[in-house]
Protein chains: 2
Amino acid sequence: MSRRSVQNGKREQILRAATDVFSRREFHAVPVEDVAIAAGVGKGTLYLYFPTKEQLFYATILEALDVLIAELRAAVRAHDGENALTAFVACMLDFFRRRRPLAMLMHRYEHRLREPEGGEWRARRVQMVEVARALVASCVALEPEAATLATEMLLASVRTAVLNQPDGEDPEHTAATVVRMFLHGAAAGRRNGKSTRRGKGAAHARAVGARP
Amino acid sequence: MSRRSVQNGKREQILRAATDVFSRREFHAVPVEDVAIAAGVGKGTLYLYFPTKEQLFYATILEALDVLIAELRAAVRAHDGENALTAFVACMLDFFRRRRPLAMLMHRYEHRLREPEGGEWRARRVQMVEVARALVASCVALEPEAATLATEMLLASVRTAVLNQPDGEDPEHTAATVVRMFLHGAAAGRRNGKSTRRGKGAAHARAVGARP
DNA sequence: GGTTGGAGACTGACTGGTCAGTCATAAAGA
DNA sequence: TCTTTATGACTGACCAGTCAGTCTCCAACC
């Protein structure tokens, strides 16, 4: 099964197609054949690479998350303090901006994080949260539990930003806004002190806040 | 169809069962008959009250949201400024604490807010956001776009809190923490200035932050 | 009081259709 | 030739929605 097919990249081809199709329609509403067609292979071929529809589905998420976590760790390594936190958020925004279907996929199936089948996914989320928690702790002096709480709040904001960022937005810039707001409160979301620079302010609102 | 059945409250009985069943399993993985069994009626009966499975599903969400919006407006009316904002958040927390399955349901199908079929749901969310936005604007002087962004950030935090609040937690207390953190930043999440009161701090972390 | 007839609420077996996963066969490569 | 990879027709299971028939209630009549 492995040698030739791996060379052909058929597995990746199938994963990409699956991400795309599952991100648009509910798992149970997607016939396996539709994924096969999107991947440009026969239905039977799909079962050569993944034992079940379910495992194909989770492979799309888990393999992508492994890449994300590696990128996050690399991004964070080069900074410290508030800069590292901003780099973390910017990395997330950038990663998902380059992978819209993946972002939609993870949004659509987010509830599986709370279900038994989502164990592997949950484990990866824990790794990611741990990276974030360490950064938060290095920025704000908080007791452990309070730091966990604060981290979840930050990640909730990042999630909102990821789901709403338009193509043209600069991740660094949005990240800076999110982090500033997180650390210093809503009022501090303004550019500096009193008034927001016109263009940028509007761009932020589009980037992070408004539903499309 | 109406007289006897309305008296028997069979419609509400079906809605409650549907909320319960759909909150636990994926829409397409739930046979209509399972909802009927949970409601203690025959499958055919279900189709006397709701024309399709899909419409039954949306009825559970829409009718509940109408109640929530009414409660929110009432809760807010009695306060102003930061107190009103806290009352809003506390009302949300309380509403969903009394309706766990509904909270899980809305979490599971949240992605439908972005899809065409979710139009009615989206419209109700807009109403709710508008209430929140007005409160945020009354607490922090922000330009309209920035206020929208800030409101979405607050609602993201509330969402996290709703999904993680344990049974015993006091909504007012959690709400105060969320609002304080939102307005004044992560560092202000601490009880007052420097150190958190032990017990309460831990309770908050459990309430709002940690995944179960 | 007791009986009867009919309206409408209720039911679940049935139908037409769909789908996950299999496997016999074909094609490609060594 | 022989092995590996690919395919899609096929099978058994499942399900949304229907509809012919049952049951319950009540009003009208004896």
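Chain identifiers are assigned alphabetically (A, B, ...) following the order of the sequence lines, protein sequences preceding nucleic acid strands; residue numbering begins at 1 within each chain. Any value given below was found using the heavy atoms of this structure, including those in side chains, with hydrogens, waters and symmetry copies removed.
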Take atom CZ of A/R25 and atom P of C/dT18, then tell me their distance rounded to the nearest Å.
13 Å

Grab the CZ-P distance between A/F57 and C/dA20 for me, whole Å please.
14 Å

Is it true that B/E152 and B/R125 make a salt bridge, defined as a side-chain N closer than 4.0 Å to a carboxylate O?
yes

salt_bridge(B/E130, B/R133) N-O dist < 4.0 Å
yes

Could you tell me the separation between the OH atom of B/Y49 and the P atom of D/dG17, rounded to a whole number of Å?
18 Å

Quick one: which of C/dC10, D/dG17, C/dG21 gets closest to the side chain of B/T45?
C/dC10

A/L46 CG to C/dC23 P: how many Å, rounded?
17 Å

Counting only side-chain N and O atoms of B/Y47, is one of them less than 4.0 Å from OP1 or OP2 of D/dC19?
no

Checking side chain to side chain donor-acceptor pair (under 3.5 Å) against A/D34, which of A/K43, A/R25, A/R24 comes through?
A/R25

Taking DNA chain C as the partner, which of residues 28-44 of chain B come within under 4.0 angstrom of it by heavy atom?
B/V41, B/G42, B/K43, B/G44

Nucleotide C/dT22, atom C1' - distance to NZ of A/K53 in whole Å:
17 Å

With sequence neighbours left out, what residues match B/D80 under side-chain contact (heavy atoms from CB on, under 4.5 Å)?
none

Rounding to an integer number of Å, can you tell me how far A/F27 CZ sits from C/dC19 P?
13 Å

Check A/R98 with A/D94, please: is the shortest side-chain N to carboxylate O separation under 4.0 Å?
yes

Euclidean distance, atom CG of residue A/L48 to atom P of C/dT22 [Å, nearest integer]
11 Å

For A/Y109, enumerate each residue passing the ring-ring contact (aromatic ring centres under 6.0 Å, His included) test, keeping only those at least two apart in sequence or located in another chain.
A/F57

Taken to the nearest whole Å, CD/A/E26 to P/D/dC15 is 16 Å

